[in-house]
Amino acid sequence: MLRAFLNQNSGYGASKWVAEYLVRSERDKHGLPIQISQPGMVTGHSEFGIMNNKDYVSRYLSTCLQIGYGINENVSLDMTPVDYVAKMILSNDNKEKKLLQLCNPFPLTYKEICLAIGVQGVSLDEWLDLVKLHDDSKSLAIAPLVTYMEKHGLVFSEEADYGSEAWHFETPNLLQVYTNYLARKP
């Protein structure tokens, strides 16, 4: 199992696995009351839309709104609102659980995001070309991540089996809340 994580392109996954392994070992060895929380892609507040303007989701959504195009792929993107992650970590219902997987059990696809925010969908390569050809491409929110996306492709959510541990939340207007926040005048 460790070899699979160490062979990933990203050191992030491997370092996360090693850290969790060490914490689990110490917890089990000494009986410490430790809970590991594994949040997915934590995004903005579900009601106010306040989000980290430097993270992938806000950069992607901002750029789509700026250029009028999005990526038309059936690849899932987890967007788990920060207020739900905080609520689940602090919930007394979860105090006895050793592991909390805090991902949106119903992630949207890039294609669904295009439809929801009203932009035209194109392939990843076409979208990257449109970004690079934009009049002010260096000022687009996604600019610092273009080289990464060209090399590694889409940021996506891995399929997860949440079983009985799944938690559900209703955010029918989440993308509207986020786009309203991103479109605000500073």
Side-chain angles (χ1 to χ4, degrees), residues 35 37-95 97 99-124 126-128 130-131 134 136-137 139-146 148-149 152-186:
Q35 180 183 74
S37 298
Q38 296 176 333
M41 187 156 318
V42 180
T43 57
H45 193 279
S46 65
E47 184 179 348
F48 306 112
I50 298 168
M51 59 193 331
N52 177 357
N53 292 332
K54 304 264 188 243
D55 76 6
Y56 174 76
V57 171
S58 66
R59 287 179 185 273
Y60 174 70
L61 292 174
S62 291
T63 301
C64 290
L65 295 171
Q66 286 176 284
I67 68 173
Y69 291 90
I71 299 168
N72 193 31
E73 302 282 343
N74 281 319
V75 175
S76 295
L77 180 62
D78 174 36
M79 290 183 282
T80 307
V82 66
D83 48 313
Y84 286 97
V85 172
K87 180 180 175 183
M88 293 306 294
I89 289 172
L90 297 174
S91 170
N92 283 331
D93 295 341
N94 295 318
K95 292 295 182 208
K97 294 179 182 171
L99 175 67
L100 283 180
Q101 291 183 315
L102 303 170
C103 297
N104 185 339
F106 306 105
L108 294 173
T109 65
Y110 280 85
K111 183 182 270 189
E112 291 169 326
I113 292 168
C114 287
L115 292 171
I117 65 174
V119 298
Q120 185 175 336
V122 295
S123 72
L124 172 61
E126 290 173 296
W127 189 79
L128 289 169
L130 288 166
V131 165
H134 190 270
D136 202 10
S137 65
S139 72
L140 291 175
I142 203 74
L145 302 177
V146 169
Y148 177 88
M149 292 177 75
H152 299 286
L154 284 176
V155 173
F156 63 94
S157 303
E158 294 181 15
E159 295 292 321
D161 177 17
Y162 298 100
S164 62
E165 298 297 312
W167 56 287
H168 301 281
F169 56 89
E170 295 293 324
T171 55
N173 300 318
L174 187 62
L175 286 171
Q176 186 63 49
V177 170
Y178 289 170
T179 55
N180 287 346
Y181 173 77
L182 294 168
R184 78 200 187 294
K185 300 285 186 223

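For the pair L182 and M51, the minimum side-chain heavy-atom distance is below 4.5 Å. Taking 4.5 Å as the limit, some side-chain heavy atom of L102 sits within range of a side-chain heavy atom of S37. Counting heavy atoms from C-beta on, the side chains of S123 and E73 come closer than 4.5 Å. Side-chain contact between Y84 and T43: absent, with no pair of heavy atoms (C-beta onward) separated by less than 4.5 Å.
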Could you please spell out the steps behind the side chain to side chain contact (heavy atoms under 4.5 Å, CB included) verdict for L61 and L175?
-> CA-CA 9 Å; L61 292 174; L175 286 171; 4.2 Å; yes

Hey, mind stepping through I71 and M149 against side chain to side chain contact (heavy atoms under 4.5 Å, CB included) and telling me if it holds?
-> CA-CA 12 Å; I71 299 168; M149 292 177 75; 4.1 Å; yes

Going through the distances and angles, do V75 and V155 end up as a side chain to side chain contact (heavy atoms under 4.5 Å, CB included)?
-> CA-CA 9 Å; V75 175; V155 173; over 6 Å; no

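Remark: L174 CG to T179 OG1 distance equals 9.5 Å, nearest 0.5 Å. Between the CD atom of E47 and the CG atom of D83 there is a distance of 8.0 Å, given to the nearest 0.5 Å. Atom CD1 of I117 is separated from atom OH of Y178 by 13.5 Å, given to the nearest 0.5 angstrom. Here the straight-line distance linking atom CG of D78 with atom CG of L108 works out to 9.5 Å at 0.5 Å rounding. A distance of 11.5 Å separates CG of L140 from CG of L65, quoted to the nearest 0.5 Å. Rounding to the nearest 0.5 angstrom, the gap separating the CE atom in M41 from the CG atom in L77 is 5.5 Å.
The backbone N or O of R59 lies less than 3.5 Å from a partner atom in the side chain of T63, making a donor-acceptor pair. S62 places no side-chain N or O within donor-acceptor distance of the main-chain N or O of A141, the cut-off being under 3.5 Å.
In this structure, the side-chain hydrogen bond (donor to acceptor under 3.5 Å, both in side chains) partners of D55, at least two apart in sequence or on a different chain, are S58. Taking Q120 as the reference, nothing meets the side-chain hydrogen bond (donor to acceptor under 3.5 Å, both in side chains) condition, with sequence neighbours excluded. Under the ring pair (Phe, Tyr, Trp, His ring centres under 6.0 Å) criterion, H45 pairs with F48, not counting sequence neighbours. By the side-chain hydrogen bond (donor to acceptor under 3.5 Å, both in side chains) test, D136 is found to be paired with S139, residues two or more places apart in sequence or in another chain being considered. In this structure, the ring pair (Phe, Tyr, Trp, His ring centres under 6.0 Å) partners of Y110, at least two apart in sequence or on a different chain, are Y60. Under the side-chain hydrogen bond (donor to acceptor under 3.5 Å, both in side chains) criterion, N180 pairs with Q176, not counting sequence neighbours.
In terms of heavy-atom proximity, H134 sits nearest to Q66 at NE2-O, 4.3 Å. The two atoms that bring P81 and S46 nearest to each other are CB-CB, 3.8 Å, heavy atoms only. Nearest heavy-atom pair across C103 and P39 is SG-C, 4.4 Å.
Of the listed residues (V119, V131, V122), just one forms a side-chain contact (heavy atoms from CB on, under 4.5 Å) with Y69, and that residue is V122.
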